[in-house]
Protein chains: 2
Amino acid sequence: MKRARPYDREAALDAALNLFWTRGYHATSLKDLEAALDMKPGSIYAAFSSKEALYLAALERYFRQNRDSLRTIGEEAGSPLKALADLMRNVARCSNDDPNCRPCMLIKTLVDVTTDDDEIARYSRQYLDEMRGEFVSLFELAKSKGELPPDADPVRLARRYQSELSALKIEAHCAIDREGLFALAEDLAQQVEQLRVSPGKAKKRAKRSS
Amino acid sequence: MKRARPYDREAALDAALNLFWTRGYHATSLKDLEAALDMKPGSIYAAFSSKEALYLAALERYFRQNRDSLRTIGEEAGSPLKALADLMRNVARCSNDDPNCRPCMLIKTLVDVTTDDDEIARYSRQYLDEMRGEFVSLFELAKSKGELPPDADPVRLARRYQSELSALKIEAHCAIDREGLFALAEDLAQQVEQLRVSPGKAKKRAKRSS
DNA sequence: AGCTTATTTGAGTGATCACTCAAGTGTGAT
DNA sequence: ATCACACTTGAGTGATCACTCAAATAAGCT
């Protein structure tokens, strides 16, 4: 038979990620993966060793993309706090096939996997911890910019924020009514924005420190 | 072979619920169910028709138990608001094999199932809606007792509360550090309690309306 | 052009899946 | 005691699972 051209690892991982994110680890079969990656079993196993290894590679890819995206937001945002609030609003605005309408892949993995999937669970937790660290950095940045009171605790705020963002994505996935989702997202976004000290006070404090 | 004594439907459903809740729909095999229910395939199928039908029966049992438990809380609580806050604190206090440390079964189901599992998803959403209705009733009760301002919106508060309770249970399952979980639970519980109007104002308002 | 190596294929492996059904056994009625 | 019916069993069904490997083909080197 005519041999296919060599596979594109990045494209294969994207396809695998999308499939696992949609169907979960246990409900995704090799048959599904063959179709999505356009590779035959021999090739899949040559390239990725096992279904589990492929899942872990996809998970890492998800984590890196999310972390990088968050860092870009952090670098580009005039107001980190507003950026964080807007991330929540974006969840409510998304359409059904938007990744924002899906639960966080790391959370989905932890809810989905069983005690037989220790390695997968361990990596998911580790990536969740690292994502929390990224949120901490964003809250620290907000604090350093005078957007938060000096006694604000970025670690606590980040933990709360990550939990609530995650909940919001799950609500989006569970397809509660659109209006309800908007209301919930707005509540949570405003809660983030209400953390700030008022702009006048922030400017005065900034002037004093320079 | 010697025939087993007839199965106990309630006990079977409890065992099935526990197993599906632990392992999820797709990762639970008939072999697992045989062991957990102490029934052979022929009996399982005679009693429950299919794996999916058994899952749906277990889901309904979960929903009924949760709803009844919430209603009991509503009936017995002097302060519905405090009861709601304490539900959150209980999540942080639980040990690892406590059902409170597991994600809500309805949420887990919706995160876990695929597009091939429409019926399961539909029932889960319906039960989630009904649970939300129960939370609405509790917030309405709190309002009628003067625990909430007259302009408080029980529908919005219930939606927010359900989402956050759900998130908290997922955090408990994901095994973030215990201290972090306590802090998060306390944050959320206090947020609920901060909804109240002050007791003095509540008493005055109660006197005026009688 | 020929050869070696790398990569892909896809039929096939052994195991497991959800589910079936003929046979065996317990129960209740007569 | 006998019989009919209800209920359980567990070997077996057809399908699918994750994964393998001998064979075929493309690519690169000489």
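Numbered from 1 within each chain, the chains take letters A, B, ... in sequence-line order. The structure displayed is predicted, hence computed values, not measured ones.
Projected onto DNA chain D by closest heavy-atom contact, A:Gly42 and A:Leu30 fall at different nucleotides, the more 5' of which corresponds to A:Leu30. Nearest-nucleotide mapping onto DNA chain C: of B:His26 and A:Ala47, the residue sitting toward the 5' end is A:Ala47.
Atoms CZ (B:Arg23) and C1' (C:dC17) sit 14 Å apart, rounded to a whole Å. Atom CD in B:Glu34 sits about 10 Å away from atom P in C:dA18, given to the nearest Å. Atom-to-atom, CD1 of A:Ile44 to C1' of D:dC19 comes out at 11 Å; the value is rounded to the nearest Å. Distance A:Asp38 CG to C:dT7 P: 18 Å, rounded to the nearest Å. A straight line from CZ of B:Phe20 to C1' of C:dA18 spans 11 Å, rounded to a whole angstrom. Distance A:Arg5 CZ to D:dG28 P: 12 Å, rounded to the nearest Å. As a whole-Å value, the separation of B:Met39 CE from C:dC19 C1' is 14 Å. As a whole-Å value, the separation of B:Phe48 CZ from D:dT8 C1' is 14 Å.
With A:Thr114 as reference, A:Asp117 is the one residue of A:Asp112, A:Asp117, A:Asp118 to meet the side chain to side chain donor-acceptor pair (under 3.5 Å) rule. A side-chain contact (heavy atoms from CB on, under 4.5 Å) with A:Arg61 holds for exactly one of A:Leu13, A:Asn66, A:Leu56; it is A:Leu13.
Residue A:Lys51 is classed as a sugar-phosphate contact, given heavy-atom separations below 4.0 Å to backbone atoms only. Within the nucleic acid shown, B:Thr28 comes within 4.0 Å of sugar-phosphate atoms alone, with no base atom in reach, counting heavy atoms only. When heavy atoms are screened at a 4.0 angstrom cut-off, A:Pro6 is found touching the sugar-phosphate backbone but no base atom.
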Derivation and outcome, side chain to side chain contact (heavy atoms under 4.5 Å, CB included), residues A:Val91 and A:Cys101: CA-CA 6 Å; A:Val91 172; A:Cys101 261; over 6 Å; no

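Close to D:dC17, at under 4.0 Å from its OP1 or OP2, lies a side-chain N or O of A:Ser29. In this structure, B:Ser43 does not reach the D:dC7 phosphate: none of its side-chain N or O atoms is under 4.0 Å from OP1 or OP2. In this model, the phosphate group of D:dT8 is not approached by any side-chain N or O of B:Lys40 to a distance below 4.0 Å at OP1 or OP2. For C:dC19, one of the phosphate oxygens OP1 or OP2 lies less than 4.0 angstrom from a side-chain nitrogen or oxygen of B:Tyr45.
Among the nucleotides C:dT8, D:dG10, D:dC17, the one closest to any side-chain atom of A:Tyr7 is C:dT8.
The closest side-chain donor-acceptor pair between B:Thr28 and B:Tyr55, if any, does not fall under 3.5 angstrom.
Between B:Arg71 and B:Glu75 there is no salt bridge, since no side-chain N of the basic residue sits under 4.0 Å from a carboxylate O of the acidic one.
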